[in-house]
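Heavy atoms only: backbone and side chains are in, while hydrogens, waters and symmetry mates are out. The chains referred to below are lettered A, B, ... by the order of the sequence lines, with proteins before strands, and numbering in each begins at 1.
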Protein chains: 2
Amino acid sequence: MVDNSVLELNLGLGNNNNNNNVVVGGDAHAHAGQSPRQRCPAPFLLKTYDLLEEGESEDMTRIVSWNEEGSAFVVWSPAEFSEHTLRRYFKHNNFSSFIRQLNTYGFKKMSSKRWEFKHEKFQRGCRHMLSEIRRKKCEPSVFPAYLKSSSEENATEENNQQLLMEENKNLKKERLELQMQIDECKALEIKLLACLSQFVDTQQTKIRRLC
Amino acid sequence: MVDNSVLELNLGLGNNNNNNNVVVGGDAHAHAGQSPRQRCPAPFLLKTYDLLEEGESEDMTRIVSWNEEGSAFVVWSPAEFSEHTLRRYFKHNNFSSFIRQLNTYGFKKMSSKRWEFKHEKFQRGCRHMLSEIRRKKCEPSVFPAYLKSSSEENATEENNQQLLMEENKNLKKERLELQMQIDECKALEIKLLACLSQFVDTQQTKIRRLC
DNA sequence: GGGAATATTCCC
DNA sequence: GGGAATATTCCC
């Protein structure tokens, strides 16, 4: 009889084996480029949250820590923070890049006297709220107000065009996906045929022997 | 007393002291984010060029090198290249990220048999040509031509729209065809599986009879 | 603080 | 290969 496992084996063509994805430093953090639709918070937020939490148990609270109430965090020593903490959690050691990210995610600096940053949804013990924090988006094609004035007709037309381009983009994406599906199907067909052929041979031999 | 070096380090927010930007090998490379208007080539290109040139003098040609004519370069050992070279010149060690960049800058893969990449303006001994290589831009805005005068602009726009609609229509047609192909493939699969299954049964019976 | 360019990642 | 999201850098 045909080994079932052989048949099953070939059906798993569509799986995404991303194992070749080498992320160094053994971090279990999410990766850049992940779709924001997923519940998973941005890597930056997870890393920042985790470095605070992991800092609690170590001797790191003199460098960075939650504030008294856990409603914000304070970088007590930017130099050490950059050299040790940033280097450990991120791909750089520039304090200003870290701050750029904080701003991107809507954090506010609380005091001019110390590096204290706050965000509604970024609080001690509330890791689950991180996924509610969104990047500020960069207003892809908002045109300056003074150019908008020409007429509403123009605006409508431009809007139309925008929609068309959107649809166009989606169609191209769909096309790619369909094409890939077809490729998979074809590959599967080839495997099935090979499997069938091999089985026929095997059986033929068996029968011949039995005769 | 407070260590001065610690204090100084913290002030580097506004000014661009990228000295803490640890890219090994004492590089004089430009940095990301620099304006493309400047004559300076993209950091990625400089780094890639330099790693080839610096490799010449060392024992690195077995990992990566120019090809015979110096018209392209070959990564002979992607594993070592990633671990050793990428890690040294970039902020990662993913070969696929490197390739993504090559594609962004318009390099072409020359052979399916080895990792050879070519770009018109990327050749041995021609460091000065690097500044002529441009990133492929990503369709920055829906309407790149705001600043044109509206009279001739209108015609262009209408023409654009027409083209868009045309493309759109074709894409939808293509989609339908692809979908039909998929349906056929699936039907064929089912038939093949049925065929296989039936054949198995028949043979089983035959063999049982012969035993 | 944020705009914009380049870099890196993930995905199709 | 390339689209698109996030990350990092540079600049105002």
With respect to the side chain of [X], which nucleotide from [options] is positioned closest?
| X | options | answer |
| --- | --- | --- |
| B/Lys136 | C/dT6, D/dT9, D/dG2 | D/dG2 |
| B/Phe44 | D/dT6, C/dT8, C/dA7 | C/dA7 |
| B/Pro43 | C/dT6, C/dT8, D/dT6 | C/dT6 |
| A/Ser97 | C/dG2, D/dT8, C/dA7 | D/dT8 |

>> Both A/Thr104 and B/Gln101 contact DNA chain C. Which one's nearest nucleotide lies toward the 5' end?
In response: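 Nearest-nucleotide comparison on DNA chain C picks A/Thr104.
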>> Donor-acceptor check, side chain of A/Thr104 to backbone of A/Arg100, threshold 3.5 angstrom: yes or no?
In response: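 Yes; judged by distance alone, with no hydrogens or angles, the pair exists.
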>> For A/Glu54, is there any backbone N or O sitting under 3.5 Å from a side-chain donor or acceptor partner on A/Asp50?
In response: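 Not a single qualifying donor-acceptor pair exists.
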>> Tell me whether the side-chain N or O atoms of A/Arg100 pair up with the base of C/dG2 as donor and acceptor below 3.5 Å, since no angle test is needed here.
In response: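 Result: at least one qualifying N/O pair found.
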Taking only side-chain nitrogens and oxygens of [X], does any of them come within less than 4.0 Å of OP1 or OP2 of [N]?
| X | N | result |
| --- | --- | --- |
| B/His92 | C/dA7 | no |
| A/Lys91 | C/dT9 | yes |
| B/Asn94 | C/dT9 | yes |

Output the rounded distance in Å from [atom1] ([X]) to [atom2] ([N]).
| X | N | atom1 | atom2 | value |
| --- | --- | --- | --- | --- |
| A/Tyr89 | D/dT8 | OH | P | 15 Å |
| B/Phe98 | C/dT9 | CZ | C1' | 16 Å |
| A/Ile99 | D/dT9 | CD1 | P | 13 Å |
| B/Leu45 | C/dA5 | CG | C1' | 14 Å |
| A/Asn103 | D/dT6 | CG | P | 17 Å |
| A/Lys109 | C/dG2 | NZ | P | 13 Å |
| B/His119 | D/dG1 | NE2 | P | 14 Å |
| A/Ile133 | D/dA7 | CD1 | P | 12 Å |

> Taking A/Phe81 as the fixed residue, which of A/Phe98, A/Tyr89, A/Trp76 is the one that meets the ring pair (Phe, Tyr, Trp, His ring centres under 6.0 Å) rule?
Replying inline: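 Testing each of A/Phe98, A/Tyr89, A/Trp76 against A/Phe81, the sole residue satisfying ring pair (Phe, Tyr, Trp, His ring centres under 6.0 Å) is A/Phe98.
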> Would you call the rings of A/Phe44 and A/Phe90 parallel, tilted or perpendicular if under 30° counts as parallel and over 60° as perpendicular?
Replying inline: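 Rings of A/Phe44 and A/Phe90: tilted, as their planes differ by 30° to 60°.
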> Checking all strands, does A/Tyr105 fall into the base, sugar-phosphate, or nothing category for heavy-atom contacts under 4.0 angstrom?
Replying inline: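 Sugar-phosphate, no base atom in range.
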> Charged N to carboxylate O under 4.0 angstrom, A/Glu53 versus A/Arg124?
Replying inline: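 Judged by the 4.0 Å cut-off on N to carboxylate O distance, A/Glu53 and A/Arg124 do not form a salt bridge.
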